[in-house]
S.K.: 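Could you have a look at this structure, given as structure tokens, before my questions?
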Amino acid sequence: MDSATGNFGNDFGLTIQDTDILATQSSPQNPLDNLAKLEIPPEVIRTLPANFAKNHRILPFEIVNGTIHIATAAPGNQRVVDDIRLLTGLEVEEFAAPVEQIIEKIAECYQVTVEKMIENLNPEKAIVGEGKNLHDIEVMANEPTVVNLVNLIISTALRERASDIHLLPFENSLQLRYRVDGLLQEKPPPPKQLHAALVSRIKIMGDMNIAERFMPQDGHIQINHRGSRVDIRVGTMPTIYGESLVMRLLEKNSRVSTAAELGLDEKRAALLSRLVEKPHGLFLTTGPTGSGKTTTLYSILQSIYTPELKIITIEDPVEYELHGVAQIPVRPSRNFTFATGLRAILRQDPDVVMVGEIRDSETAEIAIRAALTGHQVFSTLHTNDATGAVTRLLDMGVEAFLIASSLEGVLAQRLVRKICPNCRVESPITDALRDKIEALSGRKIEGVFYTGKGCEECRQVGYRGRIGIFELLAITPELKELILQKRSNAELKTAAQRSMMTMHQDALQKASAGLTSLEEILRVSSGDLSE
């Protein structure tokens, strides 16, 4: 793909159009119900050349009584069947299978992977960026090898459900890592000599300045990958050994999760529903970067949407598109910030406003005054717990009486990895682990707990996907009084915990239910989950 917008090649440089090659579904008698798990003998794979299999999206998977069985997304092409007969000397029987599964299996069987491609590169012939001029680097960035490698790195990351791709240079090497379920996984890196060309290629895709290598830059790439639109946020940062690069992957066609799917139990989901359906007031989600705050707000907006409500959001960036919601991206380069955008939004007669993040006192004050003048306002803050939202707003200079009058509720959250259901097993608790968990929770832990032993489904990690752990704070009259008195966060927390389940308690419940492990709770908490 040579432009920032357009169809994106898969692992073999092929372009999958939206609907013209949608796979025919397997019939009940089809032996290809699970192509990914099918063991194909090497001698069967060798019957067809790799290029033929890739070009026609055809996979040979067995030979029975002089007949070769092939998986195809478009059966009935007599010319292709004749070619296979000629190449193999065998009769041909076709079986329908989804094109995406065929492409992935071809990649596996014919070894078209990032690792294999990097293995086959000849570093001696690569251009070293520091010793070449801009024209040389730009030419190298458009070489088929570099283009295909970048495409393959991105498509592999999407297939492995990565949220971010990291490319970090060191003195004599590069580091390539994918963030999957919140943790970075190291991958075989490209040769250091290709660093400048790879970064330049991604900059070209993101409409960035390839000549600027000593200042941070941000870019945006939009691609189509297997029928889904993917937005990629690109960020570069100069280091002593060249530019570090991060790509954040956002699948626009992803369905917004419900409260239950996010991890809220029935009782707190009902309380959340009551808090967010009020006609006016401020509701906040809090947590560190990457804890799923915006995803939760999207879920809330989806749950309250009706045609009678005008909902407007201002975000940086717009991560998912919501039906019936006017979504506005901030543009700091043009001085269109959260504060300036929020002022303009309030002149658009909205009923509900979502502000992607309250970053400064100006945005906080406008949001709170909007909540006091009949608008329902949602936003996010970076705090460790729910009551910390109050002290954070006070630190920004917001008057206590404004917070007490406007704030209706706060949902603090983290994301923990879910144990892979395919390989979940009971796990005995070591004394050291028990001591650490009990020190965090302040109480003895009992019951059966689980872990994942690792399997093909989870790539031997033992975890697959993530789920939220939450504490939902409803602002009661008692808490309003404490806010007016500007009491400390510790006092607010003590009062809140009389009626609120903390994140640590929620995490232990999920561990007891087999959704996550005690080790994962300990990794995420690091001693800072509310008790």
Side-chain angles (χ1 to χ4, degrees), residues 1 7-27 30-64 67-77 79-88 90 92-121 144-145 147-162 178 187-188 223-228 230 456-457 459:
M1 187 193 73
N7 286 323
F8 178 63
N10 54 46
D11 297 0
F12 321 109
L14 305 175
T15 300
I16 302 177
Q17 302 299 331
D18 292 335
T19 58
D20 59 343
I21 56 169
L22 288 178
T24 306
Q25 295 300 314
S26 301
S27 65
N30 198 321
L32 305 180
D33 286 336
N34 195 336
L35 191 58
K37 291 186 175 180
L38 190 65
E39 293 290 335
I40 304 177
E43 59 270 19
V44 175
I45 290 297
R46 286 194 292 269
T47 58
L48 289 179
N51 285 340
F52 184 89
K54 297 171 204 169
N55 291 339
H56 295 287
R57 299 184 181 91
I58 282 173
L59 179 70
F61 62 90
E62 65 180 357
I63 298 173
V64 180
T67 299
I68 186 166
H69 293 175
I70 64 167
T72 174
N77 188 327
R79 184 178 62 81
V80 173
V81 170
D82 290 341
D83 288 344
I84 296 172
R85 283 199 188 101
L86 186 63
L87 287 166
T88 64
L90 301 168
V92 179
E93 185 172 354
E94 298 176 296
F95 293 84
V99 66
E100 293 88 353
Q101 292 184 22
I102 292 173
I103 289 172
E104 286 193 14
K105 197 66 178 179
I106 290 173
E108 176 189 323
C109 294
Y110 288 97
Q111 293 296 300
V112 187
T113 61
V114 174
E115 292 87 343
K116 191 68 175 179
M117 189 170 184
I118 289 169
E119 235 176 72
N120 293 335
L121 289 174
T145 298
V147 171
N148 290 337
L149 181 55
V150 169
N151 287 355
L152 196 52
I153 287 170
I154 295 173
S155 64
T156 303
L158 288 167
R159 190 172 67 246
E160 295 187 11
R161 301 178 300 104
Y178 294 162
K187 301 295 179 181
I223 62 175
N224 289 325
H225 183 258
R226 297 183 183 171
S228 293
V230 180
E456 288 184 9
E457 294 290 327
R459 299 179 186 272

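Predicted, not measured: the structure shown is a model, and the values here were computed from it. Throughout, residue positions are numbered sequentially from 1 according to the sequence presented.
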S.K.: What is the minimum heavy-atom distance between I153 and Y178, and which atoms define it?
M.R.: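 For I153 and Y178, the tightest heavy-atom pair comes out as O-OH, 2.8 Å.
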S.K.: To the nearest 0.5 angstrom, please state how far the CZ atom of R161 sits from the CZ atom of R459.
M.R.: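 So the gap between those two atoms works out to 8.0 Å.
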S.K.: Could you report the tightest heavy-atom contact between L59 and I106, atom names first, then the distance?
M.R.: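 In terms of heavy atoms, the two residues are closest at CD1-CG1, 4.0 Å.
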S.K.: Measure across V92 and I70 and return the closest heavy-atom pair with its distance rounded to 0.1 Å.
M.R.: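 Nearest pair, atom of V92 first, then I70: CG1-CD1, 4.0 Å.
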S.K.: What is the distance from atom CD1 of I103 to atom CZ of R159, rounded to the nearest 0.5 Å?
M.R.: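 If we round to the nearest 0.5 Å, I103:CD1 and R159:CZ are 10.5 Å apart.
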S.K.: Just jot down the side chain to side chain contact (heavy atoms under 4.5 Å, CB included) partners of T47, sequence neighbours excluded, or say none.
M.R.: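 Listed in chain order: P60, I63, I68, T88.
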S.K.: What do you reckon, is CD of E456 surrounded by more than 12 foreign heavy atoms closer than 6.0 Å?
M.R.: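 Not buried by this count: 12 neighbours or fewer within 6.0 Å.
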S.K.: For V64 and H69, which heavy atoms make the closest approach, and how far apart are they?
M.R.: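 Of all heavy-atom pairs spanning V64 and H69, the closest is CG2-CE1, 3.8 Å.
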S.K.: For a quick test of reading the model, state the closest non-hydrogen atom pair linking H56 to R79 and the distance between them.
M.R.: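 H56 and R79 have their closest heavy atoms at CE1-NH2, 4.2 Å.
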S.K.: Is the shortest heavy-atom distance from the side chain of L158 to the side chain of I223 under 4.5 Å?
M.R.: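 Heavy-atom side-chain distance check passes, below 4.5 Å.
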S.K.: Please lay out, stage by stage, how R85 and D82 fare under the test salt bridge (Lys or Arg N to Asp or Glu O under 4.0 Å).
M.R.: CA-CA 5 Å; R85 283 199 188 101; D82 290 341; 3.0 Å; yes
S.K.: Between the main-chain N or O of G76 and the side-chain N or O of E94, is there a donor-acceptor pair closer than 3.5 Å?
M.R.: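 Side chain of E94 to backbone of G76, a donor-acceptor pair under 3.5 Å: yes, one is there.
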S.K.: Rounded to the nearest 0.5 Å, what separation is found between the CG atom of D83 and the CD1 atom of I58?
M.R.: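 So the CG of D83 and the CD1 of I58 are separated by 9.0 Å.
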S.K.: Using a 3.5 Å distance criterion without hydrogens, assess whether the side chain of K105 forms a donor-acceptor pair with backbone atoms of I40.
M.R.: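 The answer is no, because no donor-acceptor pair under 3.5 Å joins these two groups.
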S.K.: Distance from F95 atom CZ to I102 atom CD1, nearest 0.5 Å?
M.R.: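 If I round to the nearest 0.5 Å, the distance is 12.5 Å.
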S.K.: Between CD of Q101 and CZ of R57, what distance do you get to the nearest 0.5 Å?
M.R.: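 Going from CD on Q101 over to CZ on R57, the span is 15.0 Å.
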